[in-house]
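Okay, so here's the structure we're looking at.
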Amino acid sequence: MLQALTKRGDQQVVKQSGFQRGMQRMSMGTYTFMMDKGIFHMMLAVLLGRAIILSSMAPFAVAFLSVIWWLKRPLVIPVTIMMAAGASTYSYGHAGFIAGASATFLLLSLGLYKISHPQKWLPLLALFASMIPRTASLALLDRWQLYELTLMVAEGILSFILVLIFMQSIPLLSLQRYQPTLKNEEIVCLIILLASVLTGMIGWEISGVAVVDIFARYLVILLAYIAGAAIGSTVGVVTGLVLSLSNMEHVYQMSLLAFSGLLGGLLKEGKKAGVSAGLVVGTLLIGFYVSNGAYLPSSLWATGWAVLLFFLTPNAWVKRISRYVPGTDEHEYEQQKYLQKVRDVTAVRVGKFSDVFQALSKSFSHLEVPKEKEEEQAEEIDYFLSHVTEKTCQSCFKKEKCWVTKFDDTHDMMTDLMTELDEKGEPSRILRKNVDQHCVKSQKLIDTMNHELSFYHANKQLKKQVLESRRFVAEQLQGVSEVMNNFAAEIVKEREHHEEKEQIIYKSLERMGMVIQKLEIYSLDSGNMDLELIVELDDYRGEGAKIIAPVLSDILGETIVVTMEEISPYPNGRCYLTFGSAKHYAIESGVAHAAKGGGFISGDSFTMMELGRGKYALAISDGMGNGQRAHEESMETLRLLKQILQSGIQESVAIQSINSILSLRTNDEIFSTLDLAVIDLHQATSKFIKVGSTPSFIKRGRQILTVEAGNLPMGIIPEVDVDMTSEQLKAGDLLIMMSDGLLEGPKHIENVEVWVKRKIREITSEDPQEVADLLLEEVIRTRAGAIDDDMTILVARIDRYMPEWSSIRVDKKEA
């Protein structure tokens with residue numbers, strides 16, 4: 001039974017949604033038909049043909065005709081006829097002026113067909129088309145008074161201005177809009193156009209109620225409901241001003257419409273009922289004030305009709321209009337759709353680039369089909385012997401006997417000879433005897449084989465280097481591909497919905513008296529949580545760090561801290577706060593350095609940087625020699641290191657990339673060392689990469705641990721072996737990294753490393769800066785104050801992060 005009812009309900013929903021879609025398609029089709037066939041423009045022409053301000057001025061018709069000539073030139077004649085017909089419903093004299101002004105414009109527009117940008121001249125043509133018929137009328141009637149001339153000039157200027165306004169507003173009525181947002185100027189121009197159209201309704205009444213009053217109030221509350229108080233009041237002012245110019249007795253309409261638009265916009269949270277209430281209140285207040293309530297009954301009837309039309313307006317139409325008005329939810333949704341489309345397109349392109357690099361990496365990895373080692377070695381021996389026989393056996397008279405009749409014996413003998421010459425430099429006595437018996441040119445064969453062996457080894461080494469280079473390029477391309485693939489994944493990653501956590505956080509903070517305006521949870525990944533909160537506070541006293549962060553820490557089960565805060569300077573203002581995961585460990589660092597001879601420029605360079613995702617890197621680079629050149633080399637090494645590591649590429653690939661750049665960019669003998677430590681602040685694990693650098697030390701209480709590696713400096717050879725050492729650090733550990741100048745400083749000490757470990761153990765201070773200063777001072781003292789080489793010491797202390805405020809326990813079930 002329940003399933004049947006559910007199925008029946010689902011069918012009703014499907015039918016209802018289908019009916020709504022059908023009605024929406026029908027309305028869209030009707031509107032499109034009216035726009036394409038020009039019916040809509042002809043309706044506007046009828047109303048604008050009737051529109052008059054200040055009893056005799058009619059600037060709207062000529063301005064509208066000018067814009068129609070620019071946008072829809074085939075409709076010029078029908079629009080002219082409809083304007084004249086609409087004007088005839090007002091008076092025949094007014095219809096004659098409209099016909100004369102239209103004819104004048106059409107005659108003047110004949111000269112625009114040969115101009116490249118005719119729209120620039122349309123406002124000027126509208127001005128002349130409006131003034132020429134008025135001038136002819138004044139000449140025939142001999143009414144050259146100053147008042148008439150002033151009205152004529154004002155009408156021409158208004159026609160000029162209205163052309164510019166209609167040029168911006170009429171295209172907005174088309175469905176084919178390419179910009180999803182209306183500018184403020186476009187909204188005002190559209191309001192002026194609608195107010196001008198409403199002016200054409202003056203004189204029409206339904207049961208004693210002016211039609212223009214009904215539609216003017218309907219327009220005001222509709223736009224107030226869509227866009228709020230600012231646009232509502234603006235619509236009221238502009239519409240009321242244009243209507244009051246048509247009938248000076250209705251000047252109060254401007255106050256009524258503006259006040260109603262303001263009230264309706266302020267009450268838009270109450271939906272249509274709230275906006276309608278704003279119009280009713282505005283009508284009552286202004287109606288009682290004007291003429292002691294004489295116009296109140298008809299005004300209330302007009303308001304009632306406007307409210308009825310407003311409630312009959314489909315919500316689908318309201319939402320469609322709202323998409324183009326900034327600040328509305330529909331407009332924000334359209335913007336999000338546009339940004340999502342841009343994001344998806346970007347992600348696809350980045351993914352394609354990642355695929356390209358992945359394909360290149362595979363092409364380098366599989367450039368040659370791998371062979372068995374024995375097969376490859378036999379092939380290399382055959383190539384070697386072919387070169388030897390080409391210079392010895394090719395011209396020998398016994399070639400046929402050796403290589404045809406006794407092929408296997410000859411091949412085995414020459415292979416043994418090659419092996420012994422390669423290993424011992426000369427053949428054994430037995431082998432020499434066999435070679436002499438077998439070959440008539442034994443000495444020449446031995447000399448040629450010795451000569452070819454040097455080329456054989458050189459080719460073998462070259463082939464190995466080529467294979468290593470290919471492997472390295474494949475690894476680099478693979479690293480770039482992985483970075484771009486991860487970046488594409490980050491782009492397309494949607495904001496995950498965490499409704500349950502949001503409800504708990506909302507209720508917990510509201511129970512503490514806080515008014516939450518907005519809560520956004522972007523990520524709840526462990527160690528990478530990201531939240532955004534907008535809260536109303538009377539007077540901010542650090543509630544973000546003292547209350548909100550501790551509450552979030554208890555709810556999310558992880559220490560949360562404030563990452564950014566923007567505090568309102570006003571009471572009861574909105575405060576913008578962002579929260580993120582606190583790192584489990586913190587680093588305090590110190591550095592001490594001295595240049596050779598006490599100079600200002602050191603060949604050593606160092607850096608300390610955040611790599612994101614809770615990683616922290618410390619690095620020292622020592623350029624070859626001293627002075628400016630060494631300083632530039634070490635700085636360049638660290639600059640490349642920083643850029644590559646922050647891009648997300650793995651540390652070993654980053655080192656290989658830097659080494660390739662340093663070794664290939666110049667022919668000079670330039671190299672530099674690199675001592676790199678990357679510390680994970682969530683797990684306290686550390687990776688050490690040492691390329692030609694001195695050992696590093698970890699002080700853990702009285703225990704001193706040594707971290708060292710024996711790689712050559714970067715830039716010496718194209719391929720450098722990168723040995724990565726991992727160490728688990730603990731809270732309170734001191735990590736000490738130094739350049740080679742410190743270990744080479746004490747000359748009279750036999751084992752400098754043991755001496756340095758003893759000095760580190762003797763230092764009682766745990767302040768990193770003090771430790772660095774004391775170590776540097778001790779080394780300089782051993783040389784009686786002399787500084788024979790550049791010296792740099794980096795000291796970092798790893799501490800457990802202690803939040804300033806402990807978490808606040810909340811009852812999650814009750815929340």
Side-chain angles (χ1 to χ4, degrees), residues 38 41-170 192-193 196-197 199-200 242 245-246:
H41 300 86
M42 292 183 204
M43 294 171 59
L44 294 182
V46 172
L47 295 174
L48 291 174
R50 296 188 77 255
I52 291 180
I53 58 175
L54 297 178
S55 303
S56 60
M57 294 172 58
F60 305 102
V62 178
F64 182 71
L65 182 62
S66 302
V67 179
I68 290 296
W69 185 91
W70 174 50
L71 293 176
K72 290 184 174 292
R73 203 164 298 174
L75 295 177
V76 168
I77 300 301
V79 164
T80 302
I81 296 173
M82 297 305 293
M83 285 195 303
S88 64
T89 62
Y90 183 82
S91 69
Y92 293 112
H94 178 56
F97 167 74
I98 295 298
S102 301
T104 304
F105 173 80
L106 293 176
L107 290 174
L108 294 175
S109 65
L110 295 176
L112 297 179
Y113 287 94
K114 297 181 180 180
I115 300 176
S116 58
H117 298 286
Q119 67 271 18
K120 295 181 179 179
W121 298 92
L122 289 178
L124 196 60
L125 261 64
L127 185 147
F128 288 122
S130 177
M131 293 181 64
I132 289 174
R134 291 295 185 191
T135 305
S137 175
L138 293 179
L140 290 175
L141 299 176
D142 194 18
R143 295 170 57 182
W144 297 102
Q145 289 88 6
L146 180 61
Y147 176 74
E148 298 289 344
L149 293 174
T150 303
L151 287 179
M152 180 184 68
V153 174
E155 187 178 32
I157 294 174
L158 283 175
S159 299
F160 183 95
I161 296 173
L162 285 171
V163 171
L164 300 176
I165 293 174
F166 289 172
M167 276 184 172
Q168 293 191 62
S169 54
I170 292 178
I192 294 175
L193 172 63
S196 303
V197 173
T199 306
V242 175
L245 290 175
S246 301

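None of these values were measured; they are calculated from a predicted model.
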Working to the nearest 0.5 Å, report the span between CG of Leu48 and CD1 of Ile98.
9.5 Å
Might you point out which heavy atoms bring Val67 and Val163 nearest each other, and give the distance in Å?
CG2-O, 3.9 Å
Evaluate Met43 against Val46 for side chain to side chain contact (heavy atoms under 4.5 Å, CB included), listing each step before the verdict.
CA-CA 5 Å; Met43 294 171 59; Val46 172; 5.9 Å; no
Could you give the distance from CG (Leu158) to OG (Ser196), rounded to the nearest 0.5 Å?
10.0 Å
Measure the CD1-OG distance between Ile81 and Ser102 for me, rounded to the nearest 0.5 Å.
10.5 Å
Output for pair (Trp121 CH2, Leu108 CG), nearest 0.5 Å, gives 12.5 Å
If you look at every heavy atom in Ile165 and Ile192, which pair is closest and at what distance?
CD1-CD1, 3.8 Å
Between side-chain atoms of residues 127-139 and protein atoms elsewhere (two or more places apart, or another chain), which donor-acceptor pairs fall under 3.5 Å?
| residue | atom | partner | partner atom | Å |
| --- | --- | --- | --- | --- |
| Arg134 | NE | Glu155 | OE1 | 2.8 |
| Arg134 | NH2 | Ser56 | O | 2.8 |
| Arg134 | NH2 | Glu155 | OE2 | 3.1 |
| Thr135 | OG1 | Met131 | O | 2.7 |

Verdict with supporting geometry, Ile77 and Leu106, side chain to side chain contact (heavy atoms under 4.5 Å, CB included):
CA-CA 9 Å; Ile77 300 301; Leu106 293 176; 4.2 Å; yes
Indicate the atoms forming the closest heavy-atom contact of Trp69 with Val76, along with that distance.
CA-CG2, 3.7 Å
For side chain to side chain contact (heavy atoms under 4.5 Å, CB included), just list the numbers for Met82 and Leu44, CA-CA rounded to whole Å, side-chain angles, deciding distance to a tenth of an Å, and then say yes or no.
CA-CA 9 Å; Met82 297 305 293; Leu44 294 182; over 6 Å; no
Determine the minimum heavy-atom distance between Pro78 and Met42, stating which atoms define it.
CB-CE, 3.6 Å
Heavy atoms only: give me the nearest Leu122-Ser66 pair and the separation to one decimal.
CD1-O, 3.6 Å
To the closest 0.5 Å, what do you measure between CZ (Phe160) and CG (Leu125)?
11.0 Å
What heavy-atom pair brings Phe166 and Phe60 nearest, and what distance separates the two atoms?
CE1-O, 3.8 Å
Drop me the distance from Met83's CE to Thr80's OG1, to the nearest 0.5 angstrom.
5.0 Å
